[in-house]
Amino acid sequence: MPVQSLLLLSHALFCLGIYGILTRRHAIGLLLSIELILNAAALNFVLFSRAFGHVQAQAFALFIIALAACEAVVGLAIIIRLSRTAKTVFADHVDLLKG
Amino acid sequence: MSIAYGLLAVLTLLGAVWVVTLRNLFRAALSLGLVLLGVAGLFILLEAEFLAFVQILVYVGAILTLVVFAIMLTAKLHASSASPASRQTVPAAAAALGLFLVLVSTTNALTWPDYPAAEAVSLAALGQELVKTLVLPFEVISLVFVAAMVGAIAIAANPPMKPPPS
């Protein structure tokens, strides 16, 4: 399979993630969409690493996976805290700091 | 080979559509697992076996389990309230589609080398790169990871943690 069609796939993953972020109201749903976007980036890195024989691209795909784990852990901790204090899990109900 | 790519691509795309459209969040999380497995399969086809294993271990093994736990823990909050209708579906779809078209038109103009032009990256080369050239980012990532774990425990602790008296 040529590079172009896999690039199309990662573009589609990225744009579906953007769509999810724009439409989801549930905070965990937002996190799931962010995971989609990060996966699209990792897929791009691995694809270019294979196409150009570049080692550092794979290393950065590894870093993306590690950072995605950090982001998911902190995000879920915040959501659990939110569910306890604000009694909601919907991102647009949390407007305490809204002017 | 091409058939395997196509099957995995279809699986990934279908899962991704489900992730963003399914109303039931638990099913959306399971479809995310499908996407992650599809991407791991693509990694294997791109001869990045180690990354595929890391992807399955970290994403499907750890992150997805955490997400499912969080959905279960907050289940009564979104089951009781009114069903969360997704908002601004049409403008969001237009924005995402526009972005997709821009990306496609940008990358379509580029020319790529014939696909298996270079040697596949070996695991030994990746390991050496991580402890030689990229040793600083590697250590920074470890630090960020520890900070994230400690921070997550501090945020989610019940009762909330207090700073020590000075």
Side-chain angles (χ1 to χ4, degrees), chain A residues 1-9 11-20 22-26 28-29 31-33 35-36 39 42-43 46-47 49-56 58-59 61-63 65-70 72-74 76-81 83-84 87-90, chain B residues 2 5 9 12-13 16-17 19-20 25 28-29 32 35 39 42-43 46-48 51 54-55 58 62-63 66-67 70-71 73-74 77-78 84 86-89 92-93 95-96 99-100 103-104 107 112-113 115 118-121 125-126 129-130 134 137 141 144-145 148-149 151-152 155-156:
Chain A
M1 180 173 271
V3 179
Q4 186 63 47
S5 41
L6 275 180
L7 260 183
L8 271 182
L9 176 66
H11 290 340
L13 273 185
F14 181 80
C15 293
L16 279 170
I18 294 282
Y19 173 79
L22 290 176
T23 52
R24 282 279 185 198
R25 293 182 60 225
H26 196 294
I28 298 178
L31 268 184
L32 294 184
S33 309
E35 300 295 337
L36 274 188
N39 249 284
L43 181 60
V46 173
L47 173 62
S49 133
R50 183 67 189 87
F52 298 103
H54 215 293
V55 189
Q56 291 197 351
Q58 277 206 16
L62 208 59
F63 291 158
I65 294 177
L67 280 180
C70 297
V73 166
V74 175
L76 291 173
I78 291 175
I79 289 168
I80 287 178
R81 183 90 220 143
S83 74
R84 225 184 266 136
K87 302 279 181 235
T88 181
V89 280
F90 298 117
Chain B
S2 183
Y5 273 116
T12 312
L13 266 185
V17 170
V19 167
V20 292
L25 207 60
L32 182 70
V35 176
V39 173
L42 286 174
F43 283 179
L46 289 169
E47 295 173 71
L51 273 174
V54 169
Q55 167 103 353
V58 175
I63 296 183
L66 267 179
V67 168
I71 292 174
L73 281 174
T74 58
L77 285 177
H78 48 89
S86 49
R87 53 183 178 193
Q88 312 145 0
T89 318
L99 183 61
F100 181 70
L103 286 173
V104 169
T107 53
W112 304 102
Y115 168 52
E119 287 283 302
V121 173
L126 178 61
E129 192 73 12
L130 278 179
L134 294 177
I141 290 279
V144 169
F145 210 82
M149 294 303 147
I155 291 170

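Owing to the predicted nature of the structure, the values given are computational and were not obtained by experimental measurement. The sequence lines fix the lettering, A, B, ..., with proteins before strands; numbering per chain opens at 1.
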Non-hydrogen atoms of chain A under 4.5 Å away: do they reach the side chain of [X], the backbone, both or neither?
X	result
B:Val104	both
B:Leu103	both
B:Leu42	side chain
B:Ala28	both

For this session: Just give me the residue among A:Leu32, A:Leu67, A:Ile18 that pairs up with chain B most often, heavy atom to heavy atom, under 4.5 Å.
Result: A:Leu32
Exercise. Among A:Ile80, A:Leu36, A:Ile79, A:Val74, which has the most heavy-atom pairs under 4.5 Å with chain B?
Worked result: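 Max contact count across the listed options: A:Leu36.
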Starting at [atom1] of [X], measure out to [atom2] of [Y] and round the result to the nearest 0.5 Å.
X	Y	atom1	atom2	result
A:Gln58	B:Phe43	CD	CZ	9.0 Å
B:Thr89	A:Leu22	OG1	CG	10.5 Å
A:Cys70	B:Ile141	SG	CD1	7.0 Å
A:Glu35	B:Ile63	CD	CD1	5.0 Å
A:His26	B:Leu25	NE2	CG	5.0 Å
B:Leu66	A:Leu31	CG	CG	10.5 Å

So what's closer than 4.5 Å to chain B heavy atoms on [X]: side chain, backbone, both or neither?
X	answer
A:Leu43	both
A:Ala72	side chain
A:Leu76	side chain
A:Ser83	both

Exercise. Most heavy-atom pairs under 4.5 angstrom with chain A, which of B:Leu134, B:Val144, B:Leu73?
Worked result: B:Leu134
Does any part of the side chain of [Y], heavy atoms only, come nearer than 4.5 Å to the side chain of [X], both counted from C-beta?
X	Y	value
B:Val39	A:Leu13	yes
A:Leu16	B:Leu13	yes
A:Val73	B:Phe145	no
B:Leu130	A:Leu62	yes

Distance-minimising heavy-atom pair for [X] and [Y]:
X	Y	value
A:Tyr19	B:Ala96	CB-CB, 3.8 Å
A:Ala61	B:Leu51	CB-CD1, 3.8 Å
B:Ile155	A:Arg81	O-CD, 2.7 Å
B:Ala9	A:Leu9	O-CD1, 3.9 Å
B:Val20	A:Ser33	CG1-OG, 4.3 Å
A:Gln4	B:Thr107	OE1-O, 3.4 Å

Problem set entry | Side-chain donor/acceptor of A:Arg84 to backbone N/O of B:Ala156, under 3.5 Å | yes
For this session: May I have the step-by-step check of side chain to side chain contact (heavy atoms under 4.5 Å, CB included) for B:Val121 and A:Phe52, ending in yes or no?
Result: CA-CA 10 Å; B:Val121 173; A:Phe52 298 103; over 6 Å; no
